[in-house]
Every structure is written in C-alpha cells, then in structure tokens.
Amino acid sequence: MSEQPFKVSIPDSELDFLRKKLELTRFPDELDEAGWDYGVPLTDVKRLVARWKDGFDWRANEAAINALPQFTRDIEVDGHGKLNIHYVHSKSEAQNAIPLLYVHGWPGHFLEATKLLPLLTSADSDSPVFHVVVPSLPGYGFSETTKKKGFAASQYAEVSHKLMLSLGYTEYVTVGGDWGYWITRRIQHLYPDHAKAWHTTYPRGNAPQLTSNPIIWLRHLLTPYTQRDREGLKRSSDFVEKGRGYNHIQSTKPQTLGYSLADSPAGLLAWIYEKLVLWTDNYPWSDDEVLTWVSIYWFSRAGPAASIRIYYEITAAKDQLDTPGAKLSNPFGVSFFPKELFAPPISWAHTRGNLVFKSVHDRGGHFSAYEVPELLASDVRRFFGKGGPAFGVVHGKDGSPSN
Amino acid sequence: MAEKSFTLQVPDSELEYLKKKLELTRFPDELEGAGWEYGAPLVDIKRLVTRWKDGFNWRASEDHINSFPQFTRDIELEGHGTLNIHYIHKRSELGDNAIPLLFVHGWPGHFMEVSKILPLLTAVSPDQPSFHVVALSLPGYGFSDAARLPGFSSAEKFAEVGHKLMLALGYKEYVTQAGDWGYTITRKMQVMYGGTHVKAWHTNFSPLDPPQITKQPWHYLKWLVTPLTERDRAGFARTRWFRTEGYGYFLEQSTQPQTLGYSVADSPVGLLAWIYEKLVVWTDDYPWTDDEVLEWVSIYWFSKAGPAASLRIYYDASKAGELGNNVPRTNVPYGLSYFPKEIIYAPKAWARMIGNVVLEVDHNAGGHFAAHEQPELLAGDVKKMFGVGGPAYGVVPGKNGYAIGE
C-alpha cells in the first residue's frame, strides 16, 4: 500500500482492557531499605500503576502525538514480504532541506525524536534545515512486524533505506543511537552511495587493535586516559556487570520473557521504566511522560514481545556488528554524552568510521534526543551545516534555509 | 512460635482471582517455525493456560500435597528476627535409629521435589538404611516467610535456617541431600556446621569452575594433562549451552530481581512460561503432564511470599561471592550423583578438590531435577552412601538407619 496518512487511534476496547488489567494488578513484595539496588522500587511502580489506571489521560496524549505528521506505507523486505511501516515525516519549508533519517532503538520509539523535529526542520539563518523521517522499526510503535525468523541488522537497514527511497530521498543522512547505531552502521555498509553521512550518540567500539588500527592503537598507547575516559570506562564495565541482564535474556529467550511483557502492564512498565531512569542523566520524568512512553509499547501494533526479538536476531545472526577492519569512508560524526551506557575513550570512536566530527557534552544520557534535544540538534546542525565536515554531502540539498 | 501442623488450603478467593487473571491473559505473537529457539513455544503455553483456567484441579493437587506431613515453626535468623518456616517432616517408622536427612531444594524447585524420593528413603527394610526426611521451603519459597532485609537471602543465611530447623526438630546430627541452590546452601552448611552437626552431604549438582593455577596449582597441573572423557565432552558442551543460551534468567535475577518480580508476581502466564522453560530444557526428556507442570507452577503462584521473593537468592548469593569454588575444603564425607543432562558439568576431579568425596555415581539418564525425574536412581545413591558397607555408613552416631541388632 502506498503512503496513507496515519493517526493513532487506540480502540476504546483496548483502553477498557488495559484498565481491567491494571485493576487486577498484583504487586510483588519488596525488601526493607532496598532502594534501587534490587530493581525498580515498589513505590514508583505502585504510583505509576495507580496513575495509569486513574488520572492518566491517554486520549489527550494521543491527540498530542497526532499533531505529528504520521503516515504508513508498505515496504517490501527481501525474504519477509511487505511490511506496513509507520513513520513520522516532518518536512521543512525549505526546498533543499537535507533528508535525515532518525533510527530509534530499544526501549525507544518514534516519539523520542519529537523534540528534535522543530529544531531540525526550521532554524535561524545560518543553521541548516532538514526533512526528518522517523520510522517505527518493525515490531515497534505502529509498524507491522515480520512473521519470519532472521530479521536482523541488514533487514532493519533495508526497510529504513527503502523507506527513504520511497519518499523520494535517494540521498540522505542518518542519526541514530542504541539499535539505531547498529542499523545506521549497516546502512553505511550496504548503501554508502545513498546514506552520505552518519551521526551517532552511541559509538560502540572496542579498543583499537594493533592489527586493524595501528596508528590509533599507538596513539591510544601513548595518550594517558583523561578523568572522563576513566569514568567512562568504569561506567561501561559497571553496565556490563550489573546492567545487562535484560540484554542477555532478550538475546537468548525473548519468547519466554515476552509472555510477561505482553500480559502484564505493570511488568512491562517496570521493565522499561528501569531503563528510562537508569539510562538517563537525571531526566525529570513526569509520571504521564513515562506512561505515554510505556503505552506506546503496550498499545503497539505488534505487541510488546515483538520489540525485543531484535536482540535475539542480531545476536543470532552473529552479524559481525563490530567490524574494526571495515573501511566506512563516509563522514562520521559522534556526540558524546556522559551518561551513555558505554562511554569508552573518545579516541576509540576513530575505529568505527571516518570520524570527522566530535562533540563532547557534560550532560545527557542514552536518550539524548529526548533529554537534551537542543544539544543534539546543535551538533547535527554543526556537522551538516556550512563550514561543517559533512556540509553538502547530499547533492543539491545543503540545508540552507533560504530558498 | 513452636511447631504447628500445616495443611495447605489456598482460599477460594485466591482461586477465583487466578481464574480472573487467566481469563484476561493476553498472549504475545510468535514467529513461524520458532519451535523452542526463542523460548517456551506459544502452543504449549496456550494449552497450559487453557488447562489452568479450566480443567486443572488445584484442590486435588492440594490433597496430594497434604498427604505429606507438613508443619511450620518460627526460626530465629541472627540479625534479622524470626522467619516462619514451612517444611515436610516425615519420620521413619524405624524410630530413633533412622538417619535424619535434610533435603534442600533450589530454583525453580520447591519442597515437593522431595515427594518421590521421600517414601523410598523412609521405607523400612533390612536391606536399606532408613531416614527421617525433612524438606523445608526455603525463605521466600512455598509456604515459608521471605527474608525481609537486604543480604538475608544468601546461601549462608539459608544454611543457618536449615541448620536451626534440624536442631529444633531434635536432630543435632544429620545429613543433607540437595541440588541447585540446595547445593550451595548445604555446601555452606557442612562448612559452618560440619563434623559436629552435618555428618555427611550428598548432591546431584556440582557447579564448579576449573582449578586455577594461582589457587589450586597441583589440581591445575593435573587437569592440564588429564584427557577428556566422552562424558566430559558432553558435559562441557551442555555447560557451554547453558552459559551462553540459557543464562539470561540468571543474569537478570542476580542483578535486577525486583524489576523482573513485577512481571512474575502479576502475570500467571508470565510466571508459567518463565518456570516451564526450565522444567523442560533442564530435564532429560522428562514426560511432564500438563497437570504436573501446573501443580508445580501453582506452588509458586500461591506461595506465601509471592513469586518475586524466590528470585532474591540470586542477587544476595552472587553479591556475597558464594558461587564457584569459593569454599574451604572440609573432611565431611561427600557423595555425588552425576546425571547426564545436568546444566553445569564439572569433572569428578574438581569436586574432589573442594570436598572429601567418598561416593561418585554416574548415571545415563536424568537431568537437573533428579529427585523428580529419577527418584529411584537418586534414592539408590543415597542408600548406597549410608547403607551397610557404604562409605558413610554410621556417620550419625547411634543412627545407622537399621533396626537394632542388624
């Protein structure tokens, strides 16, 4: 099906069903003085569930979401048939705005880019402007999911790329973090003549190796770690030690976990809320913000269990995601936020691509587009704007606002 | 509170509530041809939920459970206060000469794992030793209270509870049998109370790490030059499978048990899938009936502390460093049964590193839930260990398991 305008419209029956479920919630016990040590505190979950049941106005939030220009269209993915993809397509008024694809991750979704849209589609005289496309990845938001095994990085890349082509954007740039990083990286492997430059907030990478990055390795050897580097390495290792339970279960037994996430709103809420808090830089979540976020998962077209399969598929594909030797030559930009999950030394990002833009911040975490949109937008503008290292990468669309 | 007789009787309101929940179940989707690759299959879970909702007779299960003599009593846990502990206690008709034995379950096990071996162990005959069997519900499991303070769901604390229970029952000297967390707990018990109280221990689980050159240099060198047997190879392959594909539950439960707890406390189908997956993939083609599975999972659903409490041992025990080879070697006689589909394999040499091994028996069938899957084999090993001519015969002074004069 070609492009159809889309409005989120959750049936009343779904709202009633959710309410019935919430009314029947049974809470676990909790240790005295547990705090956050064992996981999400009971007071938070009880309060959020109570609000979700009575007080949270889904229809009002739905209306706010529907102020975004949303669409759906069918995209054919090799081996998986046609998938109906939901996306936001926010166009600038400028003719030669730069087409920009934003790819979310887990537990993110299309709404996490909302705050970036006004900042990227319009600007003061000197900053570039963009046409921004934010798809719901298959299995997330209001996109269909595949029925077949093996929908891995290349397939996510394919569906995102084909979406851009179908919108008439034969050349474009990308911004992505979390799974968005891996997917936009795969886009660089597969479609480098189309995705002309890429930017990430999640520069996953290993230490430079003598064999693959000898110069960087040498430089790394000779340069002492900064305080920031040290803190970042500690944060990364803490994450590996204490924060990766979800990653492992989702990468190995997503179906087993899926029964809980599909059946228990409180369970789904806790599972996601833990990340919204632990992965951000003291972002002052309001209860309604959290509930809107989690409701997107609860009301998602494919159901919440579908969203976690990406972990299994990309791990199972042993997709060689970390390809230090791969020569990705398009301009690559990185924004470093201090509370990102993995915070390796900045120098390591050179092993990930042709790093021509770096921006280091002192606040912000894993959901930077949502937490500190003005910082991320500013980086994107500088990367692609006049005088920036990726200026003019898209033929005929340099983003100058006048025209 | 002194010992009280216990009869399991889940209130009608709880049965109705469960039915309401089951009726409102929302299932996830599933990929075509997924089989068991992604986790418990949808067809199994749907069938089990349907049965649980209509057909499964919990009251009949209760009668079955209540055919075992159960009790509760308060046990004082140092630094914590009392915990009301639920347990099966079946004395042998042999009387005072029977060997007191404590059976300790793990996760996702429970006190009823003892049900098939109990009659085999308490039987009286000139040909076998007889036992008094005590099978507790660990704190946070079955119908025991859960520990309320951080750090008190560790193997050490549970060891204290198990030991004090035996003392309270008048069993100053006793032996133990265990697997899963019961292994870790009884291993602690024989360190803390061995010789004086714990006279011997038997396990069907041996989750050890290889010897390290720095810590056990002699064993390390020996291990280097020991050729692998077929059993070693198969065991290591299964261990590798467990630690790569089967380890997610462990990592989540040992880091964020509360976060997971919201799901397993609120969703019967979520709890069912979480446990059922282990019941199948950890056993050796055990032919579970649906009602067997549902009775098993219902014990978790109806547990006194709720299902989430059972997860905390992973967090507390990991944090306390109680896993792996981290244990001083004692002289307490140690017997092991090796079942081929156990989830972690360690060659016999490694167990001999950490304990005074007096019995080793290899089997060709059985997995992680040996007491439930292969009760005859497991009970047979225990009888062999403690019977006449066995390596731990008469370890409990005055209680050799036989009638006087035999």
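Reminder, nothing fancy here: chain letters follow the sequence lines and each chain counts from 1. Any value given below was found using the heavy atoms of this structure, including those in side chains, with hydrogens, waters and symmetry copies removed.
- Qualifying side chain to side chain donor-acceptor pair (under 3.5 Å) partners for B:Lys278, counting only residues two or more places apart in sequence or in other chains: none.
- Remark: the A:Tyr259 side chain and the B:Glu277 side chain contain no N/O donor-acceptor pair separated by less than 3.5 Å.
- Each of A:Pro28, A:Ala302, A:Ala266, A:Gly39 has some count of heavy-atom pairs under 4.5 Å with chain B, and the biggest count is that of A:Pro28.
- One distance of note links CD1 of B:Ile275 with OG1 of A:Thr256; it measures 12.0 Å at 0.5 Å rounding.
- Closest of all the heavy-atom pairs between B:Ser263 and A:Gly267 is OG-CA, 3.3 Å.
- Side-chain atoms of B:Lys20 do not come within 3.5 Å of backbone N or O of A:Leu24 as any donor-acceptor pair.
- The candidate from A:Lys149, A:Glu33, A:Arg244, A:Glu30 with the greatest count of non-hydrogen atom pairs under 4.5 Å with chain B is A:Lys149.
- A:Pro265 is listed as a side-chain neighbour of B:Asp266, based on a closest heavy-atom distance under 4.5 Å.
- For a residue to count as touching a neighbouring chain, one of its non-hydrogen atoms must lie under 4.5 Å from one of that chain's; by this rule B:Tyr247 touches chain A with backbone and side chain alike.
- The shortest heavy-atom contact between B:Pro150 and A:Leu31 is CA-CD1, 3.7 Å.
- Side-chain rings of A:Phe27 and B:Tyr262 stay apart, their centers remaining 6.0 Å or farther from each other.
- Heavy atoms of A:Leu42 lying under 4.5 Å from chain B belong to its backbone as well as its side chain.
- Side-chain atoms of A:Tyr38 and B:Asp316, non-hydrogen and from C-beta on, do get closer than 4.5 Å to each other.
- Only the side chain of B:Ala146 comes within contact range of chain A, with at least one heavy atom under 4.5 Å from a heavy atom of that chain.
- A donor-acceptor contact shorter than 3.5 Å is absent between the side chain of B:Glu245 and the backbone of A:Lys253.
- Side-chain contact between B:Tyr315 and A:Asp37: present, with at least one pair of heavy atoms (C-beta onward) separated by less than 4.5 Å.
- From A:Thr25, atom OG1 reaches atom NZ of B:Lys21 across 5.5 Å, with rounding to the nearest 0.5 Å.
- The parts of B:Leu149 that come within reach of chain A are both its backbone and its side chain, each placing non-hydrogen atoms under 4.5 angstrom from that chain.
- Contact annotation for A:Leu22: neither backbone nor side-chain heavy atoms come within less than 4.5 Å of a heavy atom of chain B.
- Heavy atoms closer than 4.5 Å to chain B are found in the side chain of A:Phe17, but not in its backbone.
- Within a 6.0 Å radius of NZ in B:Lys319, no more than 12 heavy atoms belonging to other residues, nucleotides or ligands are found.
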- Task: Using the salt bridge (Lys or Arg N to Asp or Glu O under 4.0 Å) rule, take B:Lys304 and A:Asp29 through it: C-alpha gap first, then chi angles, then the decisive distance, then the call.
- Result: CA-CA 11 Å; B:Lys304 184 173 185 186; A:Asp29 69 337; over 6 Å; no
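- The part of A:Thr145 that comes within reach of chain B is its side chain, from C-beta onward, which places non-hydrogen atoms under 4.5 angstrom from that chain.
- In this structure, the separation between CD on A:Gln255 and CG on B:Leu31 is 7.5 Å, given to the nearest 0.5 Å.
- The most heavy-atom pairs under 4.5 Å with chain B, out of A:Pro41, A:Pro304, A:Gly243, come from A:Pro41.
- Neither the backbone nor the side chain of B:Pro307 has a heavy atom closer than 4.5 Å to any heavy atom of chain A.
- Residue B:Tyr17 touches chain A through its side chain alone, counting heavy-atom pairs closer than 4.5 Å.
- Using a 4.5 Å heavy-atom threshold, the side chains of B:Tyr38 and A:Glu313 count as touching.
- Using a 4.5 Å cut-off between heavy atoms, B:Ser318 makes no contact with chain A at all.
- Contacts between B:Glu37 and chain A at a heavy-atom distance below 4.5 Å involve backbone atoms as well as side-chain atoms.
- Looking at B:Leu260, both its backbone and its side chain come within 4.5 Å of chain A, counting heavy atoms on both sides.
- Contacts of A:Tyr246 with chain B are made by both backbone and side-chain atoms, with heavy-atom separations under 4.5 Å.
- When B:Ser153, B:Gly39, B:Ala305 are compared by the number of non-hydrogen pairs under 4.5 Å with chain A, B:Gly39 comes out ahead.
- The closest donor-acceptor contact from the side chain of B:Thr259 to the backbone of A:Val40 lies under 3.5 Å.
- Of all the heavy atoms in A:Asp263 and B:Pro268, the pair that sits closest is OD2-CD, 4.3 Å.
- With respect to chain A, the highest number of heavy-atom pairs below 4.5 Å among B:Ala40, B:Ala273, B:Ala308 belongs to B:Ala40.
- Other residues, nucleotides and ligands place no more than 12 heavy atoms under 6.0 Å from the CG atom of B:Asp285.
- The side chain to side chain contact (heavy atoms under 4.5 Å, CB included) with A:His248 is formed by just one residue from the set B:Leu251, B:Thr244, B:Thr255; it is B:Leu251.
- Inter-residue side-chain proximity for A:Trp271 and B:Glu252 is flagged as met; some heavy-atom pair is nearer than 4.5 Å.
- Interface remark: B:Leu42 contributes backbone and side-chain atoms alike to the contact with chain A (heavy atom separation under 4.5 Å).
- Per-residue counts of heavy-atom pairs under 4.5 Å with chain B were compared for A:Lys148, A:Gln250, A:Arg309; the largest is that of A:Arg309.
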